[in-house]
Each structure stands twice: as C-alpha cells, then as structure tokens.
Amino acid sequence: MNYNFRQIEAKWQQYWTKNQTFKVENDSDKPKFYALSMFPYPSGAGLHVGHPLGYIACDIYARYKRHKGYNVLHPMGYDSFGLPAEQYAIQTGQHPAITTETNIKRYREQLDQLGFSFDWSREVRTSSPRYYKWTQWVFIQLFNSWYNNQTDKAEPIEHLTAIFEKEGNKGVNASCDDDTPVFLASEWNGFSEKQKQQVLLKYRLTYLADAEVNWCPALGTVLANDEIVNGVSERGGHTVIRKKMTQWMMRITAYAQRLLDGLDTIDWPQPLKDSQTNWIGRSEGASAIFKVIPTAPSNGESHQIEVFTTRPDTIFGASFMTLAPEHELVAKITTPAQKSEIDAYVEATSKRSERERMADVKTISGAFTGAYAEHPFTKAPIPIWIGDYVLANYGTGAVMAVPCGDQRDYDFAKHFDIDIPNIFDGVDISEEAFADKANTLIANSDFLNGLAYKEATRKVIEELEKIGQGQGKINYRLRDAVFSRQRYWGEPFPVYYDADGMPQMIAEEHLPLELPEVEKYLPTETGEPPLGNATDWAWNTEANKVVANELIDHKTVFPLELNTMPGWAGSSQYFNRYMDPHNAAAIYSREAIDYWQDVDLYIGGSEHATGHLLYSRFWQKFLFDRGVAPKDEFAKKLINQGMITGTSAFVQRINFEVDYVKSKSTVIGQTFGSNIFLSATNKIKEDIVIDKSELLKLDNSFQGLIEKIEQENNLEISRVRFDKIHVDISLLEGTSDSLNEEAFKKWRPEFNDAILLKENDGTFKVQREIEKMSKSKYNVVNPDQICEDYGADSLRLYEMFLGPLEQSKPWNTAGITGVHGFLKKLWKLYPAVDDSEPTPDNLKTLHKTIKKVEEDIENFSFNTSVSTFMICVNELTAQKCTSKAILEPLAILVSPYAPHIAEELWEIMGHTGSIANVSFPKLEVKYLVESTKAYPISFNGKMRFKLELPLDMAKADIEAAVMAHEQTAKYLDGRTPKKVIVVPGKIVNVVG
RNA sequence: GCCGAAGUGGCGGAAUUGGUAGACGCGCUGGAUUCAAAAUCCAGUGGUAGCAAUACCGUGUGGGUUCGAUUCCCACCUUCGGUACCA
C-alpha cells in the first residue's frame, strides 16, 4: 500500500472539522496554554510558501502542548482592514468588504489544506462591526482616561475633574500637553463647558491636536513614523511631507517608561527589545532655561528658551544656541536687521520634504536671529541661531550648542565662524569635538572645574535648580502616535462634534458606529476624508439609526468624525478578544480573561517591532490600569520567525548604445534596444554598461553579432548595456537554472522573437538571486502546488527542516524530496505492526528520539528534530522493527509535525479518535546508553578525568565503566583511581 | 555613525556548562533494478598527498587562554537587519 497523502490529508481535515477536534473551552481541569500566530492581512495574492512558516511552528508547539496535557487555545483570524482593498476599490469601484470577503475565503482554503489545529469557532475579523465595536470601545475608554504620574497609571477622567473642582491643577502631576495652563479650583469652576472640555482634552489619553504630521499627498493620508521608510511611504514609496493638521492622537508617551521597564519582564528576542528600547529612546539629562536678552523692538515682552541636554556638565562650553526653524520663538526674537534672512531660511526649510532633509545631512545650514540669550551662570550673551539640524519635535526644539563637545555643534560653529571655547582638560579640539563622556575632567567652567562627567552633571543640575533655571530631566524620543487616517476602509471613530465643536463620544450602548456606504473611496473635493462622501442617509443606515437619532438634537445634526482609525487599531487587542470572541456585551468576559490571562507563545514577524508590538503593549497596559485586563504585558514569550526568501531568476538583455549613426547626423547616447539575451554563465553579471572593445575582449563571439547589427542598421555601436529582467521561475526546466525557451517566448509578446545566446551545451542559463518572495519579482512558490505534489505533511516538515525558525532562509523546492522520502519510509514501517517485544536497540532508538524531539520543541529547534525523525526511521527500518510498543509512541512524536499521516497510522494500529488527544510518550532514560568518553581535565599533581556516561547509572556501574573505558584506562596507565566524583547529570570526575 | 545578528563542504544546515567538526537532507559519483525512464535500494562524497593503511591541513582573518576552542577573551574584515542630524 502506497502512501496516498492526498487521500489521507483530505480525510483527516474533514474529520477534524466534523468532530470539532480543536474546539477549546474556557474552562478545564488541565493547565491552560495560549499559542498565537500573528493574524494575517488577507491580501489578494493569497499565501506563498513563506507565509505559513510561523503558523506551522506555532501549530507544532500547540499540538505538542496538547499532547502534554494542556488546554490549548490556538485561534486564527484576519486583520482585514487595510489599504490594498481600499486601493482596489478606488480603481474598480468594488467595495472593500467584498474584496476582503473573497480574499478571506481564499486564505481559509489555503490554511485549511495545511492541517492547522486552529479553533476556527473563535475567528475574528477586524473589519467586522461585531469586532470593531470593541476597537471603538477601547478608544472611548482611552478618551475617558488620563495618566496620573503620581500613581503611575491611567485613571478615569472623572477623578481628574474632581481634583480640578477642589484644588485646580497645580498639584496634578499628569502626562499632558506642554501648553496646559495652570488654574485654580475657582477658575476651573468658572470655566464654560467648552473651556473645561478644551482643558480636559490636554489630559485625555486620546486627544485632538494640531500636530505636525507626515502627510503623504499620493495616498491622501497621514502616516505614522513606523509607516515611513527612508523618508517615503512604506506602501508605494511615495513622497512624504510635513504638514500641520488636526488629528486624533494617542498619548503613548505617558507609558514610555513602563514600556521600557516591561521589557525586562517578558521573554522576547533581544534584538526586538533593543529595537523597542531604541524607538522609545530614553535619554537622561537636564533641561536648562536661557533668558533671551531683550532687544529694542521686543516691546517689553520677555522670552526664555528651554533646552534639553544630555551633557549639562558642558554648559560653560555653550557658545551659541540653535533653534529649530519651526520653533515658536523664532518670529518673536528675530531682529529687524536679520528678519529677511531668517524668513528666507524658514521658508526654504519648510519646503523641503523629510526625504530631502534626510538625504543631505552633511550640508550645514542656518541663520542668525540677531538675538542673544544670557548664559545662566556667566551671564555672557550667547548668539541665537536657527538651523535645520535641530528638530522641532525632539526635546524642546532648541539646543545649547557646545561646539567643543558635540560634533554637529562643532561643524556648525566652524561653518559660521563661531567661537569654540575648550572646557576639557588636556584635550585637543582643533580638529574635531570631544564627545567622550569619560576620560577627561572639566576645565574653564567655574564651579565645575576639575570634576568628571558624573559629578559635574549632578553639581550643575543642583546649581540650575538653585537659580530656578533648570532641573534634571528624562527625555524620550517616542512621540504621541497619530491615530487619524484619511481613509475609508478602517474603523470609524465613535465621535461626533457638538454645538461648541467639541468632540463627544457616542454612547457605548449604541456601538458599533458602522461604516457608511460611499460612492467614491477617494477624499472629497473639499479635501475631507472619504467618509465625507457619505450622505446623511448612508450614515443613517439601519445599523446606525440609533446613533443617528442620538445625534439629532434640537433639529441640529451633529457632524461625525470623518477620519478612520489606523491599521494598528484593530490589531492592538485582538489577542484578548479570541478569549471570548462572540461576547456582545463586553470586549471579553472577566471569567474568560481570568482563565486565559495572556498569550504564552506568540509567533510573528520582527517587522512589527515598533508598530503592532509596541502599540499592543501600550493598550494592554492601559486596559490593565483600568482593570479590564489582569496582566500588563499581553505575551510572555515571543518568537520572530525568519523570512523565507525566494530565488529569483533573471535574464540579461543586451542593449546597444550608439553615439553615431552613419546615415544620419550624430546622436549621442541613443539606445538601440535589442531582443537578444545572454546566458548567465557568460562573464557579465551586473546591470552594467561596458565599452564595445571591452565586450569583445571578454568574449569574441560577439564580434560577428555586433558587425551584423551594425551593417543591417548602418550604425556603429559604442557601448553595450545589460538589463537584468526578472523572469517567472515557472519558466525554468524543473528545479534547474535552465530557461525553457519556448515558454519564455510565449510568456510576453515582446519576447516572441527573442534571440537567446546559449551555452555550448545548448541550454540557456538564468541568473539566480535571493530576494524577498513577491509577485512582482516572479519568484513566488505556491503552497497549493507543493501540497498537490508532496502533501501538507511534507510541506510542514520541509518548512521546519529548512533551517532555524528565527533565521531567514531561501526556499528551494528541490530539497523537499528528502522529507517526503522520510514520510514514505515512515509509512512503510506500519503495515507490519504487531505485538512483538521491542528489542533493546528499538528501545534505545525510540527513547533517544523522544528525548531529542522534546528538547527540540521546547527550544524551538524544529529543524533538528526533523533530522532526528529521519535517523529514527532509518534505524528502525534497519532493525526491521514491527513492535507496536515502539511504533505507537513514534506516531505520537511525529504528529505535531505531520498530523495527517500520524492520524492515519494511529487508525491503522487500531485506535479510534484523534491522535491529537493522546499523551506524549514518556522518556525512560534507562534505555539511553550513551557512548562513554573520557578526557583529562587537569594535570596539577593529580590526574582528573571528565567522563561522559549515561544519565542514571548506579555509582558502582560508573566505577566499573571508568575502569572498562579504554581511553580512560589509557590515561590511568595501570593505576587505580582513588576517587570517582559523580556530578549529577552526566559528568564524572575520576581522580587518579 | 550607533544598536543588533551572523560568517562552518558544491548547497540548506548539525555540533553549548569547551571534548571524535561537517549529523540530517539536497546535489554529485558509482552500482543494483529496468527494454528504457521515473521511482526505489546499496556504496562513496571537506581539501591535499597516497593503490592503501595513513598523514597533513581545515569552522571569515590575526592573536590569546587551555591538555583540548566552531564554542571563551582581544583586535580586525565581510554580510545582513534595525535606526539615524535625538542635543
């Protein structure tokens, strides 16, 4: 009987669905385990072989934990709001909900054929109103909360108003806007409702603000910092400019310190933690206030500039100040003489895009305001400059420039010929700044002279505080997150604006506020977001009727917020929603989250380090503060699976460039495109331009070809350029590098009459290169095809076998025959299964395998356990093992990896019910006899040996083994060991 | 620039309290089976020298610690990932 994987896999997939094998309850005598894979965005392209890697690993672990007696929650869902569906809608008019539905269907089919143990009854979709009701709900909770720095947690906003009513905001230590005014209780109580709301907005954890945002004109929306890569949009690579807009913001900065501290409590990969640490960017230092020296036209107003510095110890080295061009004081302090220069500079800077500004970090530019500030200690006047190397949105947007201690300040000073005083003892600063904190003492600095960095810093902060011009301060790079998107396909905000224009939350009992129908998915002509296209009746759908009625007050219809939430809104709590996904009364029940607590294992890509994974931690901490979640970190352990890359194929097309056409006048650099392709093993490997004579030197077979073309076209070829063109990997012969000529010519009409310059053996080789797997690179390998050819079990095993889970590795279908062969060999062991006694060899092989596989799964080294299985099966085959006592446990061992075949083998052995519910085999070390090895470990007078022995040998047996061991005996050289020291585990010290 | 990860055969990769480097798989070579092919099975496969036993070399480079280093320490080179005028 052959291994008919198609039939077996279809059979068991149906069985699992029919019997709801993987449906899990929120209560059990067993311990709980929550294994989670990051849910996918269902794109139109479907899955390629790279996508399931993490799912397979997570599934193996989940199935393993189930065998180990855990109640395992292993859900799956879809992050189904997103830009591609919207873009498609803009192009075709197709409603994103429809595209999304189609894509989900396709994803589900593809996922189902891989045999995952998902509990599909718990599926969530972020774009479903039943789900986003709770995304809107969390938003409202954030709106109704403020961050109390005193208690270091989020609290209800009513607590804050109660304080305001009694004592104003003087004693309140909260995370709030910098421009929050100070008021007394009496003042607060006298405020109008609107004024109160305006003040509260400065405290709420989600708030409206005029923020300088990253505006992407091409996409018509704002982008968060993590959606911008190298100054252009992550999606589509469009230009991003800075623009001031009123936006909803998330006060994530309130949690900066706790987001840092929390990293110590979770088992996440160090690189990912580092990347979050970096992103939060904590720096310790001091803030210092420099008073601006009033100049004649300042009409009596006094100004001061607050700076943040990590080097307060160098304050006596400050010889100028630099403000960001956008700094609000710039206009106020600039002298009339300098006004035109400053205006021109500010104008020029604001025009530059983020990308331009990043592109030339080397150009030093700036302008002098004409104003001076007073040094807090020396009282010396310090010129105030502006320069775009100072960023408006970091620190206070102003720096005290210490050219001797900071390279940028140094370069700026050199460029504009500003004084560079040296305040370091015995350091040469004639060439560059001295930025080293250690290794020198402060000089020329009054009360700081002779002190080192640390003491000087402490001392100067003390002095600054004394004169009321500064204090120690911790600054974070992390900024509040923009939460508004000018898009259609996202969660609508549960917000309307009252008669005062103040934002009001829609009552919880009326949620969800559903997305209205629109005719166009583009922004409106007046520049409003796409939701502005919705007519009143569209908002007033059956679903939104109650909401609509609520909004009609005294014949006024209050306008709704027209922005939608960003992609990460829906993904920031989905992991908790799985615990109780159908709850219509709450985001999840207390019982459900008390039972499941948090995610035990989370597997997903590292690209979410500073996006989803940071925002989710933020929301989790918030919900923890407000008593909604029992844990303030949502995932105990996280693994980043590596990317499976594709192997792209390229052909080289020859393009001739001519400088001179004989029949006509001279044409410089004209390209004479050819349809001639060169096989890859010919010397040229890059997309390069080479001189004709160089080409002939490389390979003189070009001589005839070139001459022919020159004659036919009456021109002279000067240079040759090679274009590298992607070709679809399905155009190759099997898994080789040879191009199928016929298929290639048919692939694109323009290649119909292509001329292929082949190898001597008549083949045409393509060039291979490892790249990200993507449709546009024509290097996608489809899992459906693999399942068809080799089966899901082979695919699962092979994905694991490719290499370490966390590393990125290239896909190469050729190797799959190895694991497929293993499954066939495994299959062959079972038809003969009987009740015979296992031999010692059988037992040794089995228990060796149990030990290794168990260790491997616990360490997520799935690749090596596949090797272990292969060795096991080879050994058992050689041993002609037919014993049920061996083959039964083996089937269980294999089942997390290759569940379909395991179920079938289980049935063949006469069992009913799913193998997934069977206990993992128990390891018995007594069957493991390891080879004994001995090494001398020290020679100082005594002879000692380290000896590796089986784990559970009795002491007498160990002594006997030592004596019997050939190598040891050689070292002992006839002497009797005086003492044998047994170290628990496997090391024995023999003292000779 | 800064932070991080990694460099082992033709290829993917094994090998951790330092202990026989190259497990396992792919590929390749030879053989069996076959009219032939596919599939399957057997043997070989780091390099150099040798008929052979064997010897020497070998985990990016150069040093160091050690009886012993892919593993630990120092310096450097290369590749990849993140981040970047962050004061």
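Chain identifiers are assigned alphabetically (A, B, ...) following the order of the sequence lines, protein sequences preceding nucleic acid strands; residue numbering begins at 1 within each chain. Just so it is clear, the structure is predicted and the values come from calculations on it, not from any experiment.
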Selected nucleotide, minimal atom distance to A/Phe801 side chain, candidates B/A23, B/G25, B/U40 = B/G25
Heavy-atom side-chain proximity of A/Tyr830 to A/Leu826 below 4.5 angstrom | yes
For A/Asn863, answer base if it contacts any base atom (sugar-phosphate contacts may also be present), sugar-phosphate if it contacts only those atoms, and nothing otherwise; contact means non-hydrogen atoms under 4.0 Å.
-> sugar-phosphate
Gap between atoms CD and P, on A/Glu875 and B/C24 respectively (whole Å) | 10 Å
OP1, OP2 of B/U83 versus side-chain N and O of A/Arg477: anything below 4.0 Å?
-> no
Contact nearer the 5' end of RNA chain B, comparing A/Gly281 with A/Gln270 | A/Gln270
Between atom CD1 in A/Ile280 and atom P in B/U83, what is the gap in whole Å?
-> 14 Å
Mind checking A/Glu806 for me? I need base, sugar-phosphate or nothing, with any heavy atom below 4.0 Å counting as a touch.
-> nothing
Length of the line joining A/Leu272:CG and B/G82:C1', which is rounded to integer Å | 10 Å
Using whole Å, report how far OH of A/Tyr798 lies from C1' of B/G25.
-> 8 Å
Taking only the side-chain heavy atoms of A/Lys824 (C-beta and beyond), determine which of B/A39, B/C24, B/A87 contains the nearest atom.
-> B/A39
Same-atom distance (C1') from B/C86 to B/U70, integer angstrom = 40 Å
In whole angstrom, give me the gap between the P atoms of B/A55 and B/U40.
-> 38 Å
Value in whole Å for how far the C1' atom of B/G4 lies from CG of A/Asp274 | 6 Å
Walking RNA chain B from its 5' end, the first of A/Leu802 and A/Ser861 to be reached, judged by nearest nucleotide, is A/Leu802
Return the value, rounded to whole Å, for the distance between atom CG of A/Leu797 and atom C1' of B/C26.
-> 16 Å
Would you tell me if any nitrogen or oxygen in the side chain of A/Ser283 comes within less than 4.0 Å of OP1 or OP2 on B/A87?
-> yes
Distance between P atoms of B/U65 and B/C73 (Å, rounded) | 16 Å
Distance-only polar pair, side chains of A/Asp480 and A/Thr253, donor-acceptor under 3.5 Å | yes
Atom CG of A/Asn278 and atom P of B/G4 are separated, to the nearest Å, by 9 Å
Looking at every strand, decide which applies to A/Thr817 at a 4.0 Å heavy-atom threshold: base, sugar-phosphate, or nothing.
-> sugar-phosphate
Pair of N/O donor and acceptor under 3.5 Å linking B/C11 base with A/Asn812 side chain | no
B/U48 and B/G62, which share atom name C1', separated by this distance in whole Å = 24 Å
May I ask which nucleotide in the shown strands pairs with B/A49, Watson-Crick or G-U wobble, both distances under 3.5 Å?
-> B/U54
Does one side chain, of A/Thr845 or A/Glu875, offer a donor that lies under 3.5 Å from an acceptor on the other?
-> yes
May I ask you to verify if any side-chain N or O of A/Arg408 is less than 4.0 angstrom from the OP1 or OP2 atom of B/C86?
-> yes
Applying side-chain contact (heavy atoms from CB on, under 4.5 Å), run through A/Leu448 and A/Phe377 and close with a yes or a no.
-> CA-CA 11 Å; A/Leu448 297 179; A/Phe377 297 117; over 6 Å; no
Quick one: is B/G13 close enough that its OP1 or OP2 comes under 4.0 Å of any side-chain N or O from A/Lys809?
-> no
Taking any strand in view, what nucleotide pairs with B/G7 in a Watson-Crick or G-U wobble way, both distances under 3.5 Å?
-> B/C77
Under a 3.5 Å limit for both distances, which nucleotide forms a Watson-Crick or G-U wobble pair with B/C2, could you say?
-> B/G82
Parallel, tilted or perpendicular for A/Phe862 and A/Tyr897, by the 30°/60° rule?
-> perpendicular
Is there a donor-acceptor contact under 3.5 Å from the side chain of A/Arg311 to the main chain of A/Tyr453?
-> no
Decide if the gap between the ring center of A/Phe412 and the ring center of A/Phe320 is smaller than 6.0 angstrom.
-> yes
P spacing across the pair B/U54 / B/U45, given as an integer number of angstrom = 13 Å
Any-strand Watson-Crick or G-U partner of B/U70, both distances under 3.5 Å | none
Ignoring the backbone of A/Trp279, work out which of B/G82, B/U83, B/A87 is nearest its side chain.
-> B/U83
Give a yes/no answer on whether the side chain of A/Asn874 brings an N or O atom under 4.0 Å of OP1 or OP2 in B/C24.
-> no
Can you figure out which of B/C86, B/U40, B/U83 approaches the side chain of A/Leu391 most closely?
-> B/C86
Write down the distance between CG (A/Asp789) and C1' (B/A39), rounded to a whole number of angstrom.
-> 15 Å
B/C24 pairs with which nucleotide, Watson-Crick or G-U wobble, both distances below 3.5 Å?
-> B/G12
Which value, in whole Å, describes the distance between the C1' atoms of nucleotides B/G9 and B/C28?
-> 13 Å
With syn meaning chi within 90° of zero and anything else anti, the base of B/G25 is anti
Could you work out the separation of B/A6 and B/A14 based on their P atoms and round it to a whole Å?
-> 12 Å
For B/A87, what is the paired nucleotide under Watson-Crick or G-U wobble rules, both distances under 3.5 Å?
-> none
Could you give the distance separating B/A21 and B/G68 at their P atoms, to the nearest angstrom?
-> 14 Å
Look at the side chain of A/Thr610 and decide which nucleotide, out of B/G25, B/U83, B/C85, has an atom nearest to it.
-> B/U83
Could you check whether A/Lys825 gets within reach of a base, just the sugar-phosphate, or nothing at all, counting any heavy atom under 4.0 Å?
-> sugar-phosphate
Just name whichever nucleotide pairs with B/U59, Watson-Crick or G-U, keeping both distances under 3.5 Å, else none.
-> none
Ring centroid separation for A/His820 and A/Tyr798, is it under 6.0 angstrom?
-> no
Using purine N1 to pyrimidine N3 plus N6-O4 or O6-N4 for Watson-Crick, or N1-O2 and O6-N3 for G-U wobble, both under 3.5 Å, which nucleotide pairs with B/U40?
-> B/A32
Side-chain donor-acceptor contact under 3.5 Å, A/Ser319 with A/Asp419 = no
